[in-house]
Amino acid sequence: AFSQSLGIRTELLGTLHIDVAIIVYNIATSFLELGHEEEAVRSYQETLRIEKAVLGAHHPDVVLTLKYIGQLFEQGGDVHAAIKCFSEILDIQRRQTPQEMTEIARTLNTIAILELQKGNIDAMMIRMADAARCIKRAGGDELHFMIVFRENYWFSRLFPENAPAA
């Protein structure tokens, strides 16, 4: 059904249209629900290409699509590709919403965990320190943030199937 709809929309609207991106996004989600992660990644990447062309590289929808791609890379064990996705998200967040320190801190936290998975302790510590500074700037308690990170990290290492989302 999605393939037919995609063909019709592409024929009527061309490949670079937000309606086409939405259909490709839905196809990616369907692939993901069926357990076809590689096809899902390819479809999300196509969605991302269209979104960047139509909406601009710093649009919130681009961030959401990058997040899905990064999470799929992480789940598939491609930590380097996941870090690349989340680093792009971080760049967008810093340009678009510098006042949204908690969102930036969450992204830094995700990158820190990925760096730790790579065994890059120095990079992990730098990202965590940056995240703690963001929490402090947002009026939060940076010590509490670090404790929560540590507890979530160790919980996710001991019980990966029950780990909280980053």
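- Note: Ile23 CD1 to Ser43 OG = 12.5 Å, rounded to the nearest 0.5 Å.
- In this structure, Ile104 CD1 and Met101 CE are separated by 5.0 Å, a value rounded to the nearest 0.5 Å.
- The existence of a salt bridge linking Asp91 and Arg94 is excluded, since no basic side-chain nitrogen approaches an acidic carboxylate oxygen closer than 4.0 Å.
- Scanning for salt bridge (Lys or Arg N to Asp or Glu O under 4.0 Å) contacts around Arg49 gives Glu46, with sequence neighbours left out.
- At a threshold of 4.5 Å between non-hydrogen side-chain atoms, the residues Ile83 and Glu74 do not count as touching.
- One finds the CD1 atom of Ile89 at 10.5 Å from the CD atom of Glu103 (value rounded to the nearest 0.5 Å).
- Taken to the nearest 0.5 Å, the CG atom of Asp130 stands 9.5 Å off from the CD1 atom of Ile111.
- Here the closest heavy-atom approach between residue Cys134 and residue Leu108 is recorded as SG-CD1, 3.9 Å.
- Looking at His80 and Lys118, their side chains come closer than 4.5 Å, going by heavy atoms from C-beta outward.
- Here the closest non-hydrogen pair linking Ala82 and Phe73 is N-CB, 3.8 Å.
- When all heavy atoms are compared, the tightest approach of Thr65 to Tyr44 is CG2-O, 3.4 Å.
- With hydrogens and angles left out, the side-chain atoms of Thr47 and Tyr68 include no donor and acceptor closer than 3.5 Å.
- Residues Leu32 and Glu37 meet the side-chain proximity criterion, which asks for heavy atoms closer than 4.5 Å.
- Leu16 and Ala53 make their closest contact through CD2-CB, 3.8 Å (heavy atoms, listed as atom of the first residue, atom of the second, distance).
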Donor-acceptor pairs are to be reported for all side-chain atoms of residues 120-128 against protein atoms at under 3.5 Å, with residues two or more places apart or in another chain.
unit_1 : atom_1 : unit_2 : atom_2 : d
Asn120 : OD1    : Ala123 : N      : 3.3
Asn120 : ND2    : Glu115 : OE1    : 3.4

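- With a 4.5 Å cut-off on side-chain heavy atoms, Leu90 and Phe86 do not count as touching.
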Practice item. May I have the step-by-step check of side chain to side chain contact (heavy atoms under 4.5 Å, CB included) for Lys136 and Arg133, ending in yes or no? Key: CA-CA 5 Å; Lys136 187 175 182 177; Arg133 280 191 287 279; 5.5 Å; no

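- Closest non-hydrogen pair, Val54 versus Ile18, comes out as CG1-N, 4.1 Å.
- Once rounded to the nearest 0.5 Å, the distance linking CD of Glu51 with CG of Leu66 reads 8.5 Å.
- Of all heavy-atom pairs spanning Val62 and Ala57, the tightest one is CG1-O, 3.6 Å.
- For the atom pair CD1 (Ile69) and CG (Leu72), the distance works out to 8.0 Å, reported to the nearest 0.5 Å.
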Review point. Could you go step by step and tell me if Leu114 and Gln117 meet the side chain to side chain contact (heavy atoms under 4.5 Å, CB included) rule?
Key: CA-CA 5 Å; Leu114 292 166; Gln117 288 175 11; 3.8 Å; yes

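- Look at Lys67 and Glu88 and you find no salt bridge, because none of the NZ, NE, NH1 or NH2 atoms lies under 4.0 Å from a carboxylate O.
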